Every structure is written in C-alpha cells, then in structure tokens.
Amino acid sequence: MRKTECLAMILAGGQGSRLGALTKKIAKPAVPFGGKYRIIDFPLSNCANSGIDKVGVLTQYRPLELHNYLASGSAWDLDKKEGGVFILPPYAREKGADWYRGTADAIYQNLNFIDLADPEYVLILSGDHIYTMDYSWMLDAHKANKAEATIGVIEVPWDEAPRFGIMNTDKTGRIEEFEEKPAKPKSNLASMGIYIFNKDFLKKYLEEDAKDETSSHDFGKNIIPKMLADKARLYSYAFDGYWKDVGTIESLWQANMDLLQDQPPFELNGDWKIYSSNPSMPPHYVGPDATVKNSMVSEGSMILGDVENSVIFPGVRIGKGAKVRNSVIMPSTVVRENAVVDYAILAQNCEIGEGAKVTGEKGAITVVADGETIVATAAGSKQAG
C-alpha cells in the first residue's frame, strides 16, 4: 500500500437505536436519504471531492446491506489502484474477537491498517451526518496551526448546546476546554465528530487508552480530555455550512424536508456532487389524474394518486386516490388505492393497504418498519403516539 498524506476513517458501525424501526435490519449509515442516497454517501462524497482517495469504513452492526452497497467504491470514484474503500469490520486477533467498544477502540483495533497506509494525518469521520464539506481546507488549517489535533466545530443554538460536546477556545481557535453535554455551556461551539490527527500522536493516545480498563474508549469522553490535560496543541476548525446529525426520527424527517425548499441549504448536484450507488431504473411515471406538488420523485416510481411536500424513493408505487403528504417514502414501498400517509416515514418494502391511514404530526413522525404491512381498520390504521 503506497504512502498517503491523509487517510480517512469513517465510523459506520452504529446501531442507531434512536431511529427505531428504521434500523432494525440495517446500520444507520445505510438508511436511505434524500430520494436516492444513503446517509454514508455524504462523508464518502466529501472524501472524493476533497481529494482523499483512501478511506477505511469501520462497520459492525448489521453490516450486510452496507457492505453490499459500498462494493468496490466505484460509485464515489474510490476504486483507484492505489486508493480505494476498505471495509473494516471487527476481526479475530491473538486474544480473540472483540466488538468495537467505542469510537476510539474502533480506530485502535485498526492501527495495523493505518500503519500499512502510513499517512501523515488521519481524518476520522462519522458515517451518519448530512453535510457537504471540503476536508482539504480543514487539513490546511491543521497544518497552518501546527496542530496535533483539529476538531471540526459548528455554532448551534444556545438552547441546544447542552445536547452536544462543547469546545471552549481562545481567540486563535486553540481549544482550552472540552465539556461533554454541559448543563450551562460556556460557548455554543459544538463538536461535529470530525477529527484530524497527526498519525503518531493519535497512535500514542490510542495505545495508552487501550490499556486503561476504566476507559469508555471514546474520543469525546476519554481521548480528547486526556490530550487537553496534557496541554497538546488542539485547535478548532469552524464550519458554517449545513450540518445535521440525523440520529433521531424527527431530525431525519426534517433533513429530508429541508431539500424541498426553493433554495435548499445545500445542492445535491452542484459543483460539490453527492455520489451514490443506485440501480438502473426507468423514469418515474405520473398518471393522468395524479398530482405532485413540492416533492422529489425518483426513478422507477409510479404515481397515480396525490403527492405533496414529500420525498419519494426509487420503485415506489402510489395508487389511485391515495394521498401522501409531508412524508418520506423509501424504496420499493407500495401505498395502495385511497390510502392516506401524512407526517410519516415509510421504510423500504412496506405496503400500506387500500384505505389504510398512517398519520402523525410535525414533531411526532409515524414510522413504518422495513417490510411491514399496514391494513385498514375501524380504528383508522396506524397513527402517531
């Protein structure tokens, strides 16, 4: 393996328990998003667009569909001879097999892979955030500051700051203090879970952390506080674009709805393209009596009913008289005649029966699990709450 300047490591093994029924069969980074993408397309596309062509993807929870989706990495132009996407699940070692016990332990268990790549810098990313970002700018800032670690940060509303890891910095951006979900935050600079480390510096702290039986083996809880305690050169990198942690049903729904604005917060097909691996399907079809308003409709779909303010994925079928509003309908789901879907997320391969109702409200989105069938009942079918 040739030497590379910056190696990316994407943490993609999360269960995503807060996404409930959407992650019963797949890992959170594999959850469909935006009509034709999956969440992991965003960090992968960011890497490709940033000129980072060697990417390790650390998988763990229900990885089969994610592995199949990633394949050789060709969809993101990451199948180069000297680069590529490398899938890194936990594996048996001399002392037996261990699941990844935390974010830091996941990287520690793959130090052999990092040593083979022999990078100067290691970029660590989450596989479950929606954003577009040029990592080369962050790397330039890391070098200019002569930093040992650089952490991506974004300003969040003050009332939301207690939900995040908060960075307190001096005027130069050097991090002086890290607070994990503080009740009374001193700043509103939230960690984005994006880190650049000098490779040898990172390796030293990971090896020390692995020996600590009291550690949670987590970057936010253990590694970053230890580096700060040692007065290491940690700097923040401020990001002012769109970024959303889609770790809850409501945030995932809202991120999809954000794409339906006349001027969406980021472009999916602008200069900074988001790439994906998609099956080849014919164009979507909208029937003569159907209506589609303010919606994204993907290829292979057939719309015979009414769709408004919704995101429709490939292969979806919406029958005559059906009404779909304010909803996200994932691939190959069928909404039968005269059914009603409102403020809902329907996972893949669902069926909403004729005349059935799946309704929620903003802030209480109803979810139908992968492969589930909903039938009409006297009680009105599935509703929020």
Side-chain angles (χ1 to χ4, degrees), residues 16 19-28 30-39 62 64-66 68-69 249-250 252-253 256-257 260 278-293 295-362 364-385:
L19 288 178
L22 296 178
T23 52
K24 283 185 176 180
K25 296 183 179 180
I26 59 174
K28 182 162 62 168
V31 169
F33 175 81
K36 64 179 296 180
Y37 307 95
R38 294 180 187 252
I39 296 171
R62 297 197 180 278
L64 182 59
E65 187 165 344
L66 182 58
N68 184 59
Y69 182 73
I249 294 297
E250 289 72 23
L252 177 64
W253 177 86
N256 276 277
M257 294 298 109
L260 301 179
N278 285 287
S280 179
M281 287 187 171
H284 69 266
Y285 172 77
V286 179
D289 298 321
T291 61
V292 177
K293 297 180 181 179
S295 297
M296 299 175 70
V297 180
S298 295
E299 62 268 32
S301 294
M302 178 177 288
I303 312 298
L304 303 179
D306 299 330
V307 175
E308 183 175 357
N309 201 45
S310 295
V311 177
I312 308 299
F313 281 77
V316 168
R317 298 289 185 270
I318 297 177
K320 291 182 178 181
K323 298 185 184 300
V324 176
R325 305 187 190 96
N326 309 305
S327 295
V328 178
I329 315 298
M330 293 184 177
S332 301
T333 280
V334 177
V335 180
R336 298 291 183 190
E337 290 76 5
N338 300 312
V340 175
V341 179
D342 196 7
Y343 286 109
I345 299 177
L346 309 186
Q348 304 175 84
N349 307 305
C350 296
E351 180 174 342
I352 309 303
E354 183 174 353
K357 294 183 179 180
V358 179
T359 59
E361 58 186 26
K362 190 171 184 178
I365 307 302
T366 295
V367 175
V368 178
D370 188 334
E372 187 175 349
T373 297
I374 303 296
V375 297
T377 65
S381 308
K382 186 163 185 170
Q383 298 187 2

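Everything numeric here is computed off the predicted structure, so don't read it as measured data.
Side-chain contact between Leu304 and Asp289 is absent, with no heavy-atom pair separated by less than 4.5 Å. Pro32 is listed as a side-chain neighbour of Met330, based on a closest heavy-atom distance under 4.5 Å. With contacts defined as side-chain heavy-atom distances shorter than 4.5 Å, the pair Val368/Ile374 qualifies. Thr23 places a side-chain heavy atom less than 4.5 Å from the side chain of Val31. Residues Glu65 and Arg38 have side chains in contact (heavy-atom distance under 4.5 Å, counting atoms from C-beta outward). Under the 4.5 Å side-chain criterion, counting only non-hydrogen atoms from C-beta, Phe33 is in contact with Leu252. Counting heavy atoms from C-beta outward, Val292 and Val297 have side chains that approach closer than 4.5 Å. Side-chain atoms of Val316 and Val334, non-hydrogen and from C-beta on, never get closer than 4.5 Å to each other.
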Give the C-alpha distance, both sets of side-chain angles, the deciding distance and a yes or no for side-chain contact (heavy atoms from CB on, under 4.5 Å) between Thr366 and Tyr343. CA-CA 7 Å; Thr366 295; Tyr343 286 109; over 6 Å; no

Assess whether side-chain contact (heavy atoms from CB on, under 4.5 Å) is satisfied between Ile303 and Tyr285, documenting all intermediate values. CA-CA 6 Å; Ile303 312 298; Tyr285 172 77; over 6 Å; no

Is there a side-chain contact (heavy atoms from CB on, under 4.5 Å) between Val307 and Ile329? Walk through the geometry before answering. CA-CA 11 Å; Val307 175; Ile329 315 298; over 6 Å; no

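Not counting sequence neighbours, the partners of Ser298 by the side-chain contact (heavy atoms from CB on, under 4.5 Å) test are Lys36, Pro314. With sequence neighbours left out, the side chain to side chain donor-acceptor pair (under 3.5 Å) criterion links Arg325 to no other residue. For Ile249, the side-chain contact (heavy atoms from CB on, under 4.5 Å) criterion is met by Leu19, Leu22, Ile345, Ile365, Val367, not counting sequence neighbours. Every side-chain contact (heavy atoms from CB on, under 4.5 Å) that Val340 has, sequence neighbours left out, goes to Lys357, Thr359. Listed by chain and residue number, Ser332, Asp370 satisfy the side-chain contact (heavy atoms from CB on, under 4.5 Å) test with Asn349 (two or more places apart in sequence, or in another chain).
The stretch residues 304-317 participates, sequence neighbours left out, in these side chain to side chain donor-acceptor pair (under 3.5 Å) pairs: Thr291-Asp306, Asn294-Asn309, Asp306-Lys323, Asn309-Asn326.
For the pair Thr333 (side chain) and Ala347 (backbone), a donor-acceptor distance under 3.5 Å is present. Without hydrogens or angle criteria, Arg336 side chain to Glu354 main chain gives no donor-acceptor distance under 3.5 Å. The main-chain N or O of Val311 is never found under 3.5 Å from a side-chain atom of Ser327 such that the two would form a donor-acceptor pair.
Residues Ala339 and Ile352 share a closest heavy-atom pair of CB-CG2, 4.0 Å.
Between Phe313 atom CZ and Glu299 atom CD the span is 11.0 Å, to the nearest 0.5 Å.
A salt bridge does not link Glu372 with Lys24: none of the charged nitrogens is closer than 4.0 Å to a carboxylate oxygen.
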